[in-house]
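Report on the structure given below.
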Protein chains: 2
Amino acid sequence: MTDRLSVIFAALADPTRRAILARLAEGDATVSELAEPFSISLPAISRHLKVLEQAGLITRSRSAQWRSSSLQAEPLREATAWMERYRRFWDVNFTRLDAHLHRIQLQERES
Amino acid sequence: MTDRLSVIFAALADPTRRAILARLAEGDATVSELAEPFSISLPAISRHLKVLEQAGLITRSRSAQWRSSSLQAEPLREATAWMERYRRFWDVNFTRLDAHLHRIQLQERES
DNA sequence: CCTATGTTTAACGCATCCGTTAATTAACGA
DNA sequence: TCGTTAATTAACGGATGCGTTAAACATAGG
């Protein structure tokens with residue numbers, strides 16, 4: 001389980017961690033702030049943040065004794081990119097939509 | 001870890017299972033066929049298939065003594081849908097692209 | 001310096017994951 | 001019916017995941 005994609009998916013496989021990401025989408029937050037909605041201990045939250053950090057899903061900065069977490073969505077882009085390979089298996093409109101997107105990209109390049 | 005999304009992400013967090021899905025994207029296959037590229041035992045593959053099945057990522061059918069697996073991408077759509085919420089955090093062109101997509105959808109509805 | 005606050009690290013328990021080999025089940029076919 | 005082939009289940013071992021409490025660390029501020 002050493003490859004990047006596995007680390008990302010594993011990080012997302014926990015509801016607490018996904019909730020933390022959802023919270024961070026609204027803005028940076030300290031560990032205590034992130035812990036507040038949950039009925040688990042601060043050390044547990046601290047570990048979750050470590051997992052998210054190792055997956056590249058957050059970055060952290062220190063200000064005095066507070067550690068602020070910041071959402072980094074790049075890994076989600078990677079994970080989505082992997083799933084895109086299977087889009088044709090669920091999206092019946094994929095082929096037409098794909099054509100549309102290509103046309104748009106061409107237009108953007110021309111403008 | 002009882003919620004559906006967690007089960008899906010956990011299933012994807014293993015490179016062997018992702019490779020199995022990639023293989024199934026090319027067509028249905030039996031357990032032995034799926035095991036062939038890997039240097040792990042058949043029981044191990046059998047367990048991986050069980051995990052994928054419980055995540056809804058494959059369905060299985062029996063024909064004589066062979067059990068064929070078939071890719072089901074619906075869970076990937078769900079996972080992608082969840083990630084979409086964060087698209088604006090990585091895709092700088094998301095707003096414009098989003099507008100384009102809406103226009104296309106309107107066009108489709110009109111035609 | 002001492003203390004309060006915020007956070008992390010250490011040490012532990014328990015459950016789950018991932019692999020193994022051996023045994024079992026299921027179905028075909030001579 | 002008996003042997004062969006395909007796959008699963010059982011039983012086990014080691015690693016990892018997720019939670020806990022207690023201790024340690026870091027910084028602000030009287």
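Note on naming: letters A, B, ... go to the chains in the order of the sequence lines (proteins, then strands), and numbering restarts at 1 for each one.
- Side chain of A/Glu33 to main chain of A/Thr30: a donor-acceptor pair is present (N/O by atom type, distance under 3.5 Å, no hydrogens or angles).
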With a cut-off of 3.5 Å and sequence neighbours excluded, list every side-chain donor-acceptor pair involving residues 15-25 of chain A.
residue, atom, partner, partner atom, Å
A/Arg17, NE, A/Ala11, O, 2.8
A/Arg17, NH1, A/His48, ND1, 3.1
A/Arg17, NH2, A/Ala10, O, 3.2
A/Arg18, NH1, A/Leu12, O, 2.8
A/Arg18, NH1, B/Ser6, OG, 3.0
A/Arg18, NH2, B/Asp3, OD2, 2.5
A/Arg18, NH2, B/Ser6, OG, 3.2
A/Arg23, NH1, A/Gly27, O, 3.0

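- Pairs passing the ring pair (Phe, Tyr, Trp, His ring centres under 6.0 Å) check and including a residue from residues 67-92 of chain A, sequence neighbours excluded, read A/Phe9-A/Trp82, A/Trp82-A/Tyr86.
- In this entry the distance linking CD of B/Gln54 with P of C/dT16 reads 13 Å, nearest Å.
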What protein N or O atoms touch nucleotides 19-23 of chain C N or O atoms at under 3.5 angstrom, if any, and at what distances?
residue, atom, partner, partner atom, Å
C/dG19, OP2, B/His48, NE2, 2.5
C/dT20, OP1, B/Ser41, N, 3.3
C/dT20, OP2, B/Ser41, N, 2.9
C/dT20, OP2, B/Ser41, OG, 2.5

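- Listed in residue order, the members of residues 63-71 of chain A having a heavy atom less than 4.0 Å from DNA chain C are A/Gln65, A/Trp66, A/Arg67.
- Linking ILVMFWY side-chain heavy atoms closer than 4.5 Å, directly or via other members, places B/Val51 and B/Ile40 in two distinct hydrophobic clusters.
- Between A/Leu49 atom CG and C/dT9 atom C1' there is a gap of 15 Å when expressed in whole angstrom units.
- In this structure, A/Lys50 does not reach the C/dT7 phosphate: none of its side-chain N or O atoms is under 4.0 Å from OP1 or OP2.
- Sequence neighbours left out, the pairs with a member in residues 69-79 of chain B that pass side-chain hydrogen bond (donor to acceptor under 3.5 Å, both in side chains) are B/Arg4-B/Glu78, B/Asp28-B/Ser70, B/Thr59-B/Gln72, B/Glu74-B/Arg77.
- Under the 4.5 Å side-chain contact rule for hydrophobic residues, B/Leu5 and A/Leu52 share a cluster.
- What separates CD1 of A/Ile45 from P of C/dT7 is a distance of 11 Å, to the nearest Å.
- A straight line from CD1 of B/Ile20 to P of C/dC18 spans 11 Å, rounded to a whole angstrom.
- Taking atom CD of A/Glu33 as the reference point, atom P of C/dT5 lies 16 Å away to the nearest angstrom.
- No side-chain donor-acceptor contact under 3.5 Å links B/Ser46 to the backbone of B/Leu42.
- Listed by chain and residue number, B/Ile58, B/Arg60 satisfy the side chain to side chain contact (heavy atoms under 4.5 Å, CB included) test with B/Glu53 (two or more places apart in sequence, or in another chain).
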